[in-house]
Amino acid sequence: MPDAKVYILTGRGTGSASEGFAYAMQKLNRATIVGDTSAGAGIAGGNVQLGSNLQAFIPIKMVVGPNDNVGWEGVGVAPDVLTGKEDALVATRKLILKDILQNSPDSLQKVAAQWVIDNDGIAASAATNMKTKYSELVGKYSNNVTITAVKGDLLWNRVEPGKPVESYILKELKQDVLVITGLNANLGPNSSRVYINRDAKGKSAGLTRKTLMGNGTVSTTPQPLTKI
C-alpha cells in the first residue's frame, strides 16, 4: 500500500524499537509523526558486571536512519505535528478528516468527514440555554414528533401509539443546526440532526431532519416537519 497515509503517534516515553521505527519512517518521508518529541535513546548497549556489586552500561552500537549517518541519541524524534497538551490521537483524527476533505475523490467520504468535524461545535455550544434561544420550536409536529422544554433543555420526543415516548436532548451544533443526541445511536454518536428552516422574517417555518447513515450517505426527511 505505497499510497496509504501513515500517522505515527510519539511521546516522551517512546523509545527503543518504536523510536527507531518512527525515526526511519520520518526520514523516508513515509509517515507523519504526531505528538511530542520521543525519548532520545538511540544508543544500544548492555550491562557488564564489574564485581563488588558494580556494573557498567556499555554502548555497543548507535542506530542510524536510512540514507543517513546520524541517529536520534539525546535529541529524539521531533514530531511533524507538535500537539502540546492536546491528545495526540484526537489531533491525528482531525488531521485525517481534514486530509479527506482536501484530497479524497470520494464525495460520500467527504460528507461524512465534514459531519464529524462539525460535531466539535457541540462542546463549544454546551452552555447555550436551549429553552431560551429556541423556545419557538416547542410544540407538536407531524410524523408523531413533539418538542418540549424541561428546565433549560429542549427534548425531541418520538410519540408512537402503543409505545413508550422516546425523548432525546437537543444540543446546538451551530446556529439553527441542532443535534438529536442519542437518536439512531446504532449509526454512531450524534448521527441525527435538525435543521431549522426560516422564512423571510426569520421565523421558524419548519424542521428538516438529517441522518448520517452507516455507509456515509446523509438521509433527509422528504418533507419539512411543521407544527400542527
Side-chain angles (χ1 to χ4, degrees), residues 3-7 9 32 34 86-131 133-134 136-150 152-160 163-198 204-227:
D3 297 322
K5 301 290 179 66
V6 179
Y7 298 84
L9 279 59
T32 299
V34 183
E86 184 179 13
D87 182 88
L89 182 57
V90 172
T92 302
R93 286 172 173 160
K94 291 178 181 178
L95 291 173
I96 293 171
L97 292 170
K98 290 179 180 178
D99 180 71
I100 289 173
L101 287 179
Q102 293 174 2
N103 302 308
S104 176
D106 188 332
S107 58
L108 294 181
Q109 192 179 53
K110 286 186 174 183
V111 169
Q114 186 63 62
W115 187 287
V116 176
I117 289 174
D118 288 344
N119 279 337
D120 288 341
I122 300 174
S125 303
T128 300
N129 187 307
M130 297 294 290
K131 179 181 177 181
K133 187 170 183 178
Y134 295 105
E136 62 184 309
L137 301 183
V138 173
K140 184 176 182 181
Y141 293 79
S142 53
N143 295 339
N144 303 318
V145 170
T146 65
I147 294 179
T148 55
V150 178
D153 292 327
L154 289 183
L155 299 180
W156 176 278
N157 307 291
R158 187 159 59 186
V159 184
E160 297 184 19
K163 295 183 179 181
V165 176
E166 297 179 14
S167 298
Y168 306 91
I169 296 176
L170 290 170
K171 294 292 185 182
E172 185 182 49
L173 183 66
K174 52 187 176 182
Q175 182 68 34
D176 288 350
V177 180
L178 313 179
V179 174
I180 313 174
T181 58
L183 181 62
N184 295 315
N186 60 306
L187 299 176
N190 307 320
S191 60
S192 294
R193 295 178 182 174
V194 173
Y195 294 76
I196 303 173
N197 309 315
R198 297 191 181 276
S204 172
L207 306 174
T208 299
R209 185 163 71 87
K210 296 184 179 182
T211 303
L212 179 65
M213 309 301 290
N215 62 0
T217 60
V218 175
S219 174
T220 305
T221 51
Q223 298 294 331
L225 299 175
T226 55
K227 280 188 180 181

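One-based numbering along the sequence shown. Quantities reported herein were computed from a predicted structural model and do not represent experimental measurements.
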Quiz item: Would I117 and K94 satisfy side-chain contact (heavy atoms from CB on, under 4.5 Å), going step by step from the backbone distance to the final call?
Solution: CA-CA 7 Å; I117 289 174; K94 291 178 181 178; over 6 Å; no
Quiz prompt | Residues V145, V159; criterion side-chain contact (heavy atoms from CB on, under 4.5 Å); working and verdict | solution = CA-CA 6 Å; V145 170; V159 184; over 6 Å; no
Quiz item: Step by step, would you call L155 with I169 a side-chain contact (heavy atoms from CB on, under 4.5 Å)?
Solution: CA-CA 5 Å; L155 299 180; I169 296 176; 3.6 Å; yes
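In this structure, L170 and D153 have side chains that are not in contact, with every pair of non-hydrogen atoms separated by 4.5 Å or more. Looking at heavy atoms from C-beta onward, W156 lies in side-chain contact with R209 at the 4.5 angstrom threshold. R158 has its side chain out of reach of N144: every pair of non-hydrogen atoms, C-beta onward, lies at least 4.5 Å apart. Proximity of N215 to L108: side-chain heavy atoms (C-beta onward) are nowhere separated by under 4.5 Å. Taking 4.5 Å as the limit, every side-chain heavy atom of L101 sits out of range of all side-chain heavy atoms of L97. Between T217 and V111, the closest side-chain pair of non-hydrogen atoms is not below 4.5 Å.
For the side-chain contact (heavy atoms from CB on, under 4.5 Å) test, residues two or more places apart in sequence or in another chain that qualify with I196 are Y134, L137, D176, L178, R198, S204, L207. Taking the salt bridge (Lys or Arg N to Asp or Glu O under 4.0 Å) definition, one finds that K5 meets it with D99, sequence neighbours left out. Qualifying salt bridge (Lys or Arg N to Asp or Glu O under 4.0 Å) partners for K110, counting only residues two or more places apart in sequence or in other chains: none. R93 is linked by a salt bridge (Lys or Arg N to Asp or Glu O under 4.0 Å) to nothing, counting only residues two or more places apart in sequence or in another chain. For T128, the side-chain contact (heavy atoms from CB on, under 4.5 Å) test picks out S125, M130, K133, E172, with sequence neighbours left out. Listed by chain and residue number, nothing satisfies the salt bridge (Lys or Arg N to Asp or Glu O under 4.0 Å) test with K140 (two or more places apart in sequence, or in another chain).
The minimum heavy-atom distance between N157 and S167, with the atom names listed, is OD1-OG, 2.5 Å. For the residue pair P224 and N197, the shortest heavy atom distance occurs at CB-ND2, 3.7 Å. Among all heavy-atom pairs drawn from L225 and S142, the shortest one is CD2-OG, 3.7 Å. When all heavy atoms of S192 and N184 are compared, the closest pair comes out as OG-ND2, 2.9 Å. Nearest heavy atoms, V138 versus A149: CG2-CB, 4.2 Å.
Around the CD atom of Q223, the shell of radius 6.0 Å holds no more than 12 heavy atoms that belong to other residues, nucleotides or ligands.
The one candidate from V194, V218, T221 that meets the side-chain contact (heavy atoms from CB on, under 4.5 Å) condition with K210 is V218. For the side-chain contact (heavy atoms from CB on, under 4.5 Å) with R193, the qualifying choice from T211, V179, L212 is V179, the only one to do so.
With hydrogens and angles left out, the side-chain atoms of D106 and S104 include no donor and acceptor closer than 3.5 Å.
Looking at D87, its side chain does come within 3.5 Å of a backbone N or O of V90 through a donor-acceptor pair. Of the possible polar contacts, none joining the W115 side chain to the S191 backbone as a donor-acceptor pair under 3.5 Å is found. Distance alone, capped at 3.5 Å, places no donor-acceptor pair between the T226 side chain and the G206 backbone.
Atoms CG and OG1, from L95 and T32 in turn, are 7.5 Å apart once rounded to the nearest 0.5 Å.
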